[in-house]
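Notes follow once the structure below has been shown.
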Amino acid sequence: MKTELLNVKHLKQHFPIKGGFLGRIVNHVKAVDDISFTIYEGETVSIVGESGCGKSTTGRAIMRLDEPTSGEIIFEGSNLLALNKRQMNKKRKDLQIIFQDPYASLNPRQTAGEILEEAMEIQNVVPKSKRRHRVIELLETVGLAAYQADRYPHEFSGGQRQRIGIARALSVNPKLIICDEAVSALDVSIQAQVLNLLKRLQREFKLTYLFISHDLGVVRHISDRIIVMYVGRIVEVADKTSLFEHPQHPYTRALLSAIPVLDPDRKKERIILKGDVPSPIDPPPGCVFHTRCPYATDRCKEEIPQLRTAEGAAGGHQAACHYMEEIQNGSMERAYS
Amino acid sequence: MTLVNKTAVLEIRDLRTSYFTEGGEVKAVDGISLNVPKGKTLGIVGESGSGKSIMALSILRLIFNPGRIVAGELLYNGADLLKKSEKQMRSIRGNNISMIFQEPMTSLNPVYTVGEQIAEVYQIHENMNKKQAMSKAVDMLRLVGIPSPEKRVHQYPFELSGGMRQRIMIAIALACNPDVLIADEPTTALDVTIQAQILELIKDLQQKLHMSVIIITHDLGVVAETCDDVAVMYCGKVVEYADVRTLFTAPKHPYTVGLLNSLPRHDVDKEELEAIKGSVPSPFELPEGCRFAPRCPHAAKICFEQLPELNKLEDRSQVRCWIYTDKWGQQPEVNRTP
C-alpha cells in the first residue's frame, strides 16, 4: 500500500504587481492557479513545463520559501501552511531543496565542510563532536573525497558543486527532496553522473523526489509519475510510460513532438504550435491552452476543463481537456498543423 | 552517405586561436580543419569549454585581446579571410557571413526599436535611406514569420518574447542575404516548443535563400534534426567528423559514443545512464597524449603518450583515436572492441 507523503490541495500562488500612483496593487501574476496533486513515499514525481508555467513556484511554495496565496500543503498528515515560522524551520529538516545553479546557492566564503556542518547545526541532527566525521561520510556518499572538505566552492567544477548541494540536502536526513532544475546547468556527460547519483541515493536512503525540469529526456529517466504544467495549471498527470506512449492533452502531444530525436532518419510528425505562451498576468479564460491549441472550439474559450481520466486511458492518467476522446479517435479537425 | 562532397563555400584550414593569459597560453581552438558545403548545414557539437564558440567567432575574426588567431587559413570562396583588412572584413560580416547568438536579449540594443536595428543593416551595407530601409525591415519581419510586422517594427526588444527576439536576430542576420549563417546555440535559451519553431524557420530560410549554415550546439538532438555534416569537438580539437547519419548510426570516437550513451532519452527507457567518468580537463593542464585518454574506457599506453591524428576511415568519416590505426594492434591488454 502506498503511503501519502505530500498532498497539495488547491494551491494558489499569486504575486502582486505594484504600480501606478502610490504603488497600489494593480494586478497579480497568477504563477500557480489552483493545482492539486499527491506524492507517495519513495517515488519520484516530476513537474515539467516551459518557462513561466509555475513549476519552480510550486516547489518554492511547498518549502514555503514564498508564502502561498491559498491552498493546503499536507506533509505527513499536517498542513505546512498552518505552522508558525519556528515550527516550519524545524519541518524543513524533512523537506530539502536543491537548486539549479550550484554556484549561486553555495556561500563562496565557506568551505564545503563548513557548508555541510552549518546545515547540521541549524537542524541539530548530529552532535558537534561527530559533525566532522559526518561531513566526510557525506562527501564520500556523493562521490567527493575527504580532502575536498576544506576547499571553497570556486575550487570545484560545476558537477562537483552540484554534488555539494546534494550532500547539503542529505546532511539532515530529509524525507522529501525537491530538485529544482538540479541538472539543467550541467554538461551531458556530467549530468549523467549526477542523475545516476540521485537514483542511487534514492535507493540507499529511501528518498522521495519532487523533480522540477524542462528537459523531458531527464524527466523520463528519473520519474515514476509526471505532472505537466502550462501557465499555472496542471494539464496532465500520468505515470511516465503512459504519458510518453499515450499523451492525452494536445499540449503534451505538441511538447513531446517538439523534442528533437537522436535518429537523423526518423522524420516524425511534428506539431509546431503557433504563437507564444500567454502571460500569467492575464491568463486566457476557459482552457489556458486554447490560444495555441489546434483543436480549440468556443467551449474551450469559456469553460475551464477539469482533470479527468479519458475513456480507455490507463488508471491514474488524467488530463484537463474537453475533447480527449474525440482527438484520440480522430474526429476532431485541426485548425492548423 | 558520406561527408557532403560539394564545393565548400568556406574552408577552415588548421585554424588555431589562443588566449594569452597570466596563467599561460590557452589553445582554445587547436588546429581545426572543416568544410562548410554550399547550401548545407555543418554542425559543431561539444560541451562547455570545447572551443566551439571561439571557433565560430574566429571565422568572423571577432577575437579580441588577450585572444589571437595564431595560425590557419579561412578560405571564403577561395580567398583567405585572415588576410583581409579590417575594413574589408566589416563589409563581409553581415553581407556574406552572418551570425546569430544564444541570448537574443543581450545581443539586441534595448534602446532602439527592432525595426531600426534591422534597418541599420541596410543603411550601412546597402546605403539605403531610412524610409527604404524601414520598409525592407518590415519585409524581413514577415519573412521570419512575425505576425503583424507593420506594428512590430516599432516595438522595442523588451516588448517581445524570447522566441520573437530570436526571430528578430535572424532577420538582422539575413537582411543582406548572406551565403553563410553561423548560429551559435540559437535555441539553447528557448523552450522546446519555441525551439521547434526556430529550427523549422532556419531550415526553411536556408532552402529559400540557398545559404550554408553552421550550427554550434551542445544538443545532439538538434544536430540529428538539422545538420548534414557534424564535427564533434573536445578540448579545442575535432575528435570526430562525419556525415550526420554515420555519426549517429556508427559513432566511432569513444567520446562521441560516451556522449550518446550518457544522454537521457525521452523516447527510450534506460535503467542506468552510462556516464563518462571524470570531467573535462583544465585548459592549463591538458593531458599529454589523447586529451580524452584520462576519461576513456578503452585507453591504452599509447593514448597517454601520443596525440592521435584525425584519420580518414573507409566510410570517409574522420576520427582522432588510436583504436582506428595500425598501431592499435600492438597495444597490450586492452579492450579491443571499440
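Given the structure is predicted, the values throughout are model-derived calculations rather than measurements. Reminder, nothing fancy here: chain letters follow the sequence lines and each chain counts from 1. Note: hydrogens, waters and symmetry copies are ignored here, and every other heavy atom, side chains too, is used.
- Across A:Asp276, A:Ile222, A:Leu216, the residue that shares the most heavy-atom pairs under 4.5 angstrom with chain B is A:Asp276.
- The two residues A:Ala146 and A:Leu139 come nearest to each other via the heavy atoms O-CD1, 4.4 Å.
- Contact check on B:Arg142 versus B:Glu150 returns a salt bridge, with a Lys/Arg side-chain nitrogen under 4.0 Å from an Asp/Glu carboxylate oxygen.
- Of the two parts of B:Glu47, the backbone and the side chain both hold a non-hydrogen atom closer than 4.5 Å to a non-hydrogen atom of chain A.
- Contacts between A:Lys274 and chain B at a heavy-atom distance below 4.5 Å involve the backbone alone (N, CA, C, O).
- Only the side chain of A:Leu195 comes within contact range of chain B, with at least one heavy atom under 4.5 Å from a heavy atom of that chain.
- Interface remark: B:Glu272 contributes backbone and side-chain atoms alike to the contact with chain A (heavy atom separation under 4.5 Å).
- Here A:Arg163 does not pair with A:Glu140 in a salt bridge; the nearest charged N to carboxylate O distance is not below 4.0 Å.
- Figure legend: A:Arg220 and A:Phe244 shown as a cation-pi pair, the cationic atom lying under 6.0 angstrom from the six-membered ring centre and within 45 degrees of its axis.
- The residue among B:Ser279, B:Ala275, B:Gly49 with the most heavy atom pairs within less than 4.5 Å of chain A is B:Ala275.
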Worked check of side chain to side chain contact (heavy atoms under 4.5 Å, CB included) between A:Glu155 and A:Gln148: CA-CA 9 Å; A:Glu155 296 175 84; A:Gln148 289 170 314; over 6 Å; no

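- Side chains of A:Ser184 and A:Gln100: a donor-acceptor N/O pair is absent below 3.5 angstrom, by distance only.
- Using modelled atom types and a 3.5 Å distance limit, the side chains of B:Tyr234 and B:Arg295 yield a donor-acceptor pair.
- Between B:Val238 and B:Val232 there is no side-chain heavy-atom pair separated by less than 4.5 Å.
- There is no contact between A:Arg200 and chain B, counting heavy-atom distances below 4.5 Å.
- In this structure, chain A has a heavy atom under 4.5 Å from the side chain of B:Leu259, while its backbone stays farther away.
- Within residues 156-165 of chain B, the residues having any heavy atom closer than 4.5 Å to a heavy atom of chain A are B:Ser161, B:Met164, listed by residue number.
- Ranked by non-hydrogen atom pairs under 4.5 Å with chain A, the options B:Ser48, B:Gly278, B:Cys227 are led by B:Ser48.
- Residue contact with chain B, scored on non-hydrogen atoms closer than 4.5 Å, involves the side chain of A:Gln191 exclusively.
- Side-chain contact between B:Ile202 and B:Thr226 is absent, with no heavy-atom pair separated by less than 4.5 Å.
- Under a 4.0 Å N-O distance rule, the pair B:Lys252/B:Asp315 qualifies as a salt bridge.
- Across all their heavy atoms, B:Ser212 and B:Val36 have their closest contact at CB-CG1, 3.8 Å.
- In terms of non-hydrogen atom pairs under 4.5 Å with chain B, the most contact-rich of A:Asn196, A:Val277, A:Val188 is A:Asn196.
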